[in-house]
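In what follows, a structure is listed as structure tokens, so that the remarks can point back to it.
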Amino acid sequence: MTKEMPEKWQSSVKAIKAVQVAFDMDEKIQLSIRKQALEAGLSPSDQIRDILGLTINKRPKRPRLTVSLAPDDYQVLAEKYGLQAEQQLEIKRKLMDELIDYVNSEKEIR
């Protein structure tokens, strides 16, 4: 019995076959590549692809920052914000507000 792959998944076949390569380099080299990527509006991965002469997916990406939060982290943050740990969406909103306030206060210092 042969299973047919759903059409909407077929475009992901190339990505599934891709292999991630990690580089252990001097910290100065890594920092330089990350800075170049930031200045070019690219991810570090896309910057490396550009340096190597490989194609870059130019689809517009939603710029975002990520952080991994464990259940204990949610508990700490819930206490900080006067919320329940289960109120993860509200915690996320509070985190975003705090990050925005942080950046705005950094601008005032400069």
Side-chain angles (χ1 to χ4, degrees):
M1 180 177 182
T2 307
K3 289 189 176 184
E4 193 72 25
M5 183 182 303
E7 189 174 323
K8 65 181 179 180
W9 293 356
Q10 291 178 5
S11 64
S12 300
V13 170
K14 283 184 182 179
I16 291 169
K17 292 181 181 181
V19 176
Q20 187 172 29
V21 178
F23 302 96
D24 289 324
M25 295 182 181
D26 181 85
E27 194 172 318
K28 289 179 184 177
I29 301 294
Q30 291 184 38
L31 183 59
S32 176
I33 291 172
R34 286 188 176 113
K35 282 182 177 179
Q36 290 172 13
L38 182 61
E39 290 168 1
L42 298 172
S43 68
S45 177
D46 283 345
Q47 180 65 26
I48 291 169
R49 291 185 64 83
D50 186 55
I51 292 167
L52 298 175
L54 300 172
T55 59
I56 298 171
N57 187 353
K58 288 291 186 182
R59 282 186 297 167
K61 294 179 185 172
R62 183 176 59 178
R64 47 182 191 177
L65 297 171
T66 62
V67 64
S68 297
L69 299 175
D72 287 347
D73 298 326
Y74 277 107
Q75 187 60 47
V76 169
L77 292 168
E79 290 172 17
K80 177 178 182 175
Y81 299 130
L83 300 167
Q84 298 296 314
E86 297 78 28
Q87 294 178 281
Q88 293 183 2
L89 187 57
E90 188 59 30
I91 290 171
K92 180 180 174 182
R93 286 187 187 115
K94 296 283 190 181
L95 288 173
M96 287 175 41
D97 289 344
E98 186 171 342
L99 292 172
I100 290 167
D101 289 346
Y102 172 81
V103 170
N104 287 338
S105 69
E106 287 290 306
K107 286 180 183 177
E108 291 172 9
I109 293 172
R110 293 180 186 170

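Note on Met25: it clusters hydrophobically with Ile51, by side-chain heavy-atom contacts below 4.5 Å among ILVMFWY residues. The cluster map of Ile, Leu, Val, Met, Phe, Trp and Tyr, joined by side-chain heavy atoms under 4.5 Å apart, puts Leu83 and Leu69 in the same cluster. Each of Tyr74 and Leu89 belongs to its own hydrophobic cluster when Ile, Leu, Val, Met, Phe, Trp and Tyr are linked at side-chain heavy-atom distances under 4.5 angstrom.
The distance from atom CG of Leu99 to atom NZ of Lys94, rounded to the nearest 0.5 Å, is 13.5 Å. Distance check, rounded to the nearest 0.5 Å: CG of Asp72 to CD of Gln75 gives 8.0 Å. Separation of atoms CD (Gln88) and CG (Leu95) is listed at 10.5 Å; rounding is to 0.5 Å. Summarising the geometry, atom CD1 belonging to Ile48 is positioned 8.5 Å from atom CZ belonging to Arg34; distances are rounded to the nearest 0.5 Å.
Legend: residues meeting salt bridge (Lys or Arg N to Asp or Glu O under 4.0 Å) with Arg93, ordered by chain and number and at least two apart, are Glu90.
By the 4.5 Å heavy-atom criterion applied to side chains, Arg49 and Asp46 are counted as neighbours. Residues Asp50 and Gln36 are not in side-chain contact: their nearest non-hydrogen atoms beyond the backbone lie 4.5 Å or more apart. No side-chain heavy atom of Asp73 sits under 4.5 Å from any side-chain heavy atom of Val67.
Other residues, nucleotides and ligands contribute more than 12 heavy atoms inside 6.0 Å of the CD atom of Gln30.
Looking at Gln87, its side chain never comes within 3.5 Å of a backbone N or O of Ala78 through a donor-acceptor pair.
Side-chain contacts under 4.5 Å among hydrophobic residues (ILVMFWY), followed directly or transitively, place Tyr102 together with Val103.
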Chi angles and distances behind the side chain to side chain donor-acceptor pair (under 3.5 Å) call for Glu98, Tyr81: CA-CA 10 Å; Glu98 186 171 342; Tyr81 299 130; 2.4 Å; yes

